[in-house]
Amino acid sequence: MIEEQHLPAMQGMFPSTFSTCSKNGEPNTTVISQVWYVDEEHVALSFQFFSKTRKNIAENPFGYVTITNPMTMDMYGLDIEFVRSETDGDLFDDMDMKLQAIASMSGMEDVFELKAADIYKVHKVSELPL
Amino acid sequence: MIPDITFEVIKKGFGHLGTASNDKMPAHTDTLGAVVNDRKDSITFFVRKTLSEKVLSNLQDNGKATVFIGVVSHEAYQFKGQFIEARNLTSEELEMSEKNRTNFIEVMSEMGLPKPAIERLFGVEPDTGITIKVNEVFVQTPGPEAGKRIDT
């Protein structure tokens, strides 16, 4: 599912876009700093705010996220489904450290706080036809 | 009415237009410029049709749309509304998009990203305008105000 060619798009150098949908069919779209590779069938997204995204995922676990290779601009769309949240462990610590670095670089140390690493199953990866 | 404070971000920012299918599967496409229409109650977003097939299909099915638009300073807004139409872009709109895209390519290049790569996405002009009647506007700038609804 997730192959080596997709990994450069998951290093947090180019923001990703994440869309969700409420139980009533209302879409919501936001920008996230990074999609994390977990294994060939899973990615992790940072849960930082109690947002519309988080509410939607609680109601309807399906999402769509696009990732971009910053060196080539190759873009991929991932159909994903929420599996679980992790609030400790290596993945959480890695994500927390990276998020703090991004927050520091953008002067938003007081705003960014990792509440959980949300794990999603990847159902499909599609390359967008640029 | 779309709030005046959002106009600069609409004009200068790039966005992501989100939709959902009738079976509640979301999809989005990148916007390459936008214009607030004369009555200030709708926005036409400029997109590339080849990158927007699923989005256009969803809009035809149920019309529900949401658009995140932000600028480099992190100021961002979310517009929620109803699909009105998809149409060809005017020469004026194409000119607006080109100005924005050229500026964005320069900003991205200065950040160290390879210009030929950036031009693969932002160097190609959009060919479709998606017009959304805006019903709700929310602050999306990271911080304590994020998610706050702005009166329209």
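The figures that follow rest on heavy atoms only: side chains count, while hydrogens, waters and symmetry mates do not. Labels below follow one simple rule: chain letters A, B, ... track the order of the sequence lines, proteins then strands, and each chain is numbered from 1.
For a residue to count as touching a neighbouring chain, one of its non-hydrogen atoms must lie under 4.5 Å from one of that chain's; by this rule A/S22 touches chain B with the backbone only. With a 4.5 Å cut-off on non-hydrogen atoms, A/F18 touches chain B through its backbone but not through its side chain. For a residue to count as touching a neighbouring chain, one of its non-hydrogen atoms must lie under 4.5 Å from one of that chain's; by this rule A/T30 touches chain B with backbone and side chain alike. A/N28 touches chain B through backbone and side chain together, each having a heavy atom under 4.5 Å away. Proximity to chain B (any heavy atom under 4.5 Å) is shown, for A/D74, by both the backbone and the side chain. Of the two parts of B/D30, only the side chain, counted from C-beta on, holds a non-hydrogen atom closer than 4.5 Å to a non-hydrogen atom of chain A. Looking at A/V65, only its backbone comes within 4.5 Å of chain B, counting heavy atoms on both sides. Of the atoms belonging to B/A65, it is backbone heavy atoms, and not side-chain ones, that fall under 4.5 Å from chain A.
The shortest heavy-atom contact between A/P70 and B/A117 is O-CB, 4.5 Å.
Note that the OG1 atom of A/T72 and the CD1 atom of B/I118 stand 11.5 Å from one another [nearest 0.5 Å]. Separating the OG1 atom in B/T19 from the CD atom in A/E26 is a distance of 12.0 Å, to the nearest 0.5 Å. Rounded to the nearest 0.5 angstrom, A/M13 CE and B/M111 CE are separated by 9.0 Å. The structure places OG1 of A/T29 at 7.0 Å from NZ of B/K80, a figure rounded to the nearest 0.5 Å.
Among the candidates B/G70, B/G147, B/A27, B/P116, the residue making the largest number of heavy-atom pairs closer than 4.5 Å to chain A is B/A27. Taking chain A as the reference chain and counting heavy-atom pairs below 4.5 Å, the highest number among B/M25, B/Q140, B/Q78 is found for B/Q78. The choice from B/A20, B/P26, B/P114 that makes the most heavy-atom pairs within less than 4.5 Å of chain A is B/P26. Of the listed residues (B/T50, B/L121, B/L51), the greatest number of heavy-atom pairs within a distance under 4.5 Å of chain A belongs to B/L51. Between chain A and the residues B/H28, B/K24, B/R120, B/K64, the most heavy-atom pairs under 4.5 angstrom are made by B/H28.
Atom CD of B/E106 is surrounded by more than 12 heavy atoms from other residues, nucleotides or ligands within 6.0 Å. Other residues, nucleotides and ligands place more than 12 heavy atoms under 6.0 Å from the CG atom of B/N22. Annotation for A/K98: atom NZ counts as buried by contact number, over 12 foreign heavy atoms lying within 6.0 Å. Heavy-atom contacts from other residues, nucleotides or ligands closer than 6.0 Å to CG of B/D23 number more than 12. More than 12 non-hydrogen atoms from other residues, nucleotides or ligands lie less than 6.0 angstrom from CG of A/D39. Other residues, nucleotides and ligands contribute only 12 or fewer heavy atoms inside 6.0 Å of the CD atom of B/E98. Open room surrounds CD on B/E95; 12 or fewer heavy atoms of other groups in view lie less than 6.0 Å from it.
Using a 4.5 Å heavy-atom cutoff, the side chains of B/F68 and A/T17 are not in contact.
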